[in-house]
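Okay, so here's the structure we're looking at.
This structure is a prediction, so every number in the text was calculated from the model and none was measured.
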Amino acid sequence: MQEIIKVTHLTKKFKEITAVNDISFSVEKGELFGFLGENGAGKTTTINMLCTLLKVTSGEAVIAGSRLGKEDNQIKRSIGVVYQDNCLDEILTVKQNLVSRGALYEGNRQKQMENLEKVCEILELKDLMNRRYGKLSGGQKRRCEIARALLHTPEILFLDEPTTGLDPASRQSVWESIHRLRKELGMTVFLTTHYMEEAAKANHIGIMQKGRLVQYGTPFELKEQFARDKLLLVPEAGKEEQLQRLLLERGIKSKRKDAGLRIYLSSTMEALPVLELVKECITGFEVIQGTMDDVFLNITRE
Amino acid sequence: MNQLFHLTKRNILVYIKDKSAVFFSMLSMMIVLMLMFFFLGDMNVNYVTELQELYGGARDSATDLKNADMLVQYWTLAGLMVVNSMTVTLTVVGTLVTDRVGNKLKSFYTAPVSRLTVALSYILSAIIVGFVLCTLVFVLYMGFIWCMGGEVLTLPTIGKVLVGTLVNVILFSVLMYLLALFVKSSSAWGGLATIVGTFVGFLGAVYIPVGSLPEGVTGVLKCLPILHAASIMRKFMCMDALEQAFAGVPEEVVKVYREVMGIDIVMQDTVLSTEVQLLFLAGCGIIVLIAIALAGRKHSSLE
């Protein structure tokens, strides 16, 4: 796979504070890259550097074949950025907004209109074009913001918490748009989010903590490593002590939880021998798969 | 150029679509207008008719009053346009502050557009809106004067007035841009707008003729561009009306009147010529531009 973003030893210092501390990673062309971290971990600072807003203190980055800091104008043409805050004008219509922003990239009016039409089709904005941006719902606004970032058909789309503060239905509609973009245009998406189920859709995930990139991998790899499956055993009435003894003999650690016993597994398959052992004493069981939430909490609480 | 055009258009739209912003940016002017209409106008007219009676001699008082009234109307209009050119440009440039606070600048800076173009778009939109609104006020007020039986300015004078307006609007636009670089919040900008709106009438000696102010105050006002901007506009507007109103009145008296009303600005016993005053305004503009260049280097980064 081709690397479309390659970051090496990137560092950003604000006076005494080191916001981003020597991070290196790469993003493959066409993938959805999830960039996670607690508030203040340095995600937005990293994005601001990658999209040429902030000067890099040290380190390098190559974005879509252009070197950051040297060929910023090429980079600007190959990226689209959607920020945490909406940045279109409330008082103008969607169309006025998109035309004014699109003109920053494309001088040819006709081509600009073609781009506008295409983007609006993908994001289903046709009916909203003449409505005032300020009167739209949160989800519609976000879709307009994404449309703004896509007007010049960039290769990479940066989404900084695109669904924060949206209701579930709006979140879903924003995500449908993102999926369509990737499917139809093969766009690379660089995403930061606080919703772990969103992050789980990514091809690769990087987790930031206190300015450092502490983990990198596919959601599957990270789950394997940091989120263990749990086996919940429900003992038969009166056989609880026997169950505990059985487990203790085998050296399996268990913990009481509500009406049952919880056992941490290093892999899902490990549940089978345990179940075989205790099947006489239980009325039921449940295997709970590790989630991205567990991954995130385990890594950032370390 | 295309980028500058669209950014400027956007800034203008953001201002014009906000009806309350348009209203409040013209509020200072409307207050001046009301003050003139209800209280101060009569005072100014009386001052002229007194001079006419004392020195003018043989004309009938109706014509005198009519001429005096027209002179004061044009004098007021000149002041209105200076007030407007300040408060309107201030409001339009204020978009920069809200854009910075609302993180909208970021979306411009990630586009392949130079920061100079973005900066120019704010200044240019202020110049355009300021000029158009001042011209509108000019035309409407002149229509009002005409309806009340006064005379319309001659074409060359109108040309001069428009050039003067343009100079003022350009100067105040860059000045407001400089201020906007230092203001970090919308409420601070609102506060600044209140201060400017309140003081502009005094600094330009619009409410009270400059001759009625204490000497120390006039000394300070003469060092500021606003009084000179107002003086230039008054000279252009009142030239013909002065001649009509003070026909037959000794030149010495007219000279004093012009100085008292802030039509002429006298420094060290010499009347400053319009050329010198324009040069002074240009000098102020250049100083402001240098300050912008110096401050802009520090402020252009978003850190």
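Residue A:I91 touches chain B through both its backbone and its side chain, counting heavy-atom pairs closer than 4.5 Å. In this structure, chain B has no heavy atom under 4.5 Å from any part of A:N97. Contacts between A:E145 and chain B at a heavy-atom distance below 4.5 Å are absent for every atom of the residue. There is no contact between B:K9 and chain A, counting heavy-atom distances below 4.5 Å. Contacts between A:Q96 and chain B at a heavy-atom distance below 4.5 Å involve the side chain alone, from C-beta outward. In this structure, no portion of A:I79 lies under 4.5 Å from any heavy atom of chain B.
Remark: A:S100 OG to B:F108 CZ distance equals 6.5 Å, nearest 0.5 Å. Within the model, atoms CG of B:N103 and CG of A:D85 stand 4.5 Å from one another, a figure rounded to the nearest 0.5 Å.
Using a 4.5 Å cut-off on side-chain heavy atoms (C-beta onward), A:N48 and B:K106 make contact.
Heavy-atom neighbours of A:K126 NZ from other residues, nucleotides or ligands within 6.0 Å: above the threshold of 12. Within 6.0 Å of OH on B:Y141 lie more than 12 heavy atoms contributed by other residues, nucleotides or ligands. Atom CD of A:E176 has more than 12 heavy atoms from other residues, nucleotides or ligands within 6.0 Å.
Shortest non-hydrogen contact noted between A:V99 and B:H6 is CG1-CE1, 4.1 Å. Here the closest heavy-atom approach between residue B:A111 and residue A:K76 is recorded as O-CD, 3.3 Å. The two residues A:L104 and B:Q3 make their nearest non-hydrogen contact at O-NE2, 2.7 Å. In terms of heavy atoms, B:R115 sits closest to A:T52 at NH2-O, 4.4 Å.
A:R148 and B:S107 share no donor-acceptor pair across their side chains, judged by distance under 3.5 Å alone.
Taking a cutoff of 4.0 Å between a charged side-chain nitrogen and a carboxylate oxygen, A:D89 and B:K104 qualify as a salt bridge.
Annotation: maximal heavy-atom pairing with chain A below 4.5 Å, among B:V14, B:T117, B:L7, B:V113, occurs at B:V14.
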>> Quick one, A:Y83 with B:T110, criterion side-chain hydrogen bond (donor to acceptor under 3.5 Å, both in side chains). Give me CA distance, side-chain angles, the key distance, then yes/no.
In response: CA-CA 11 Å; A:Y83 303 96; B:T110 45; 3.0 Å; yes
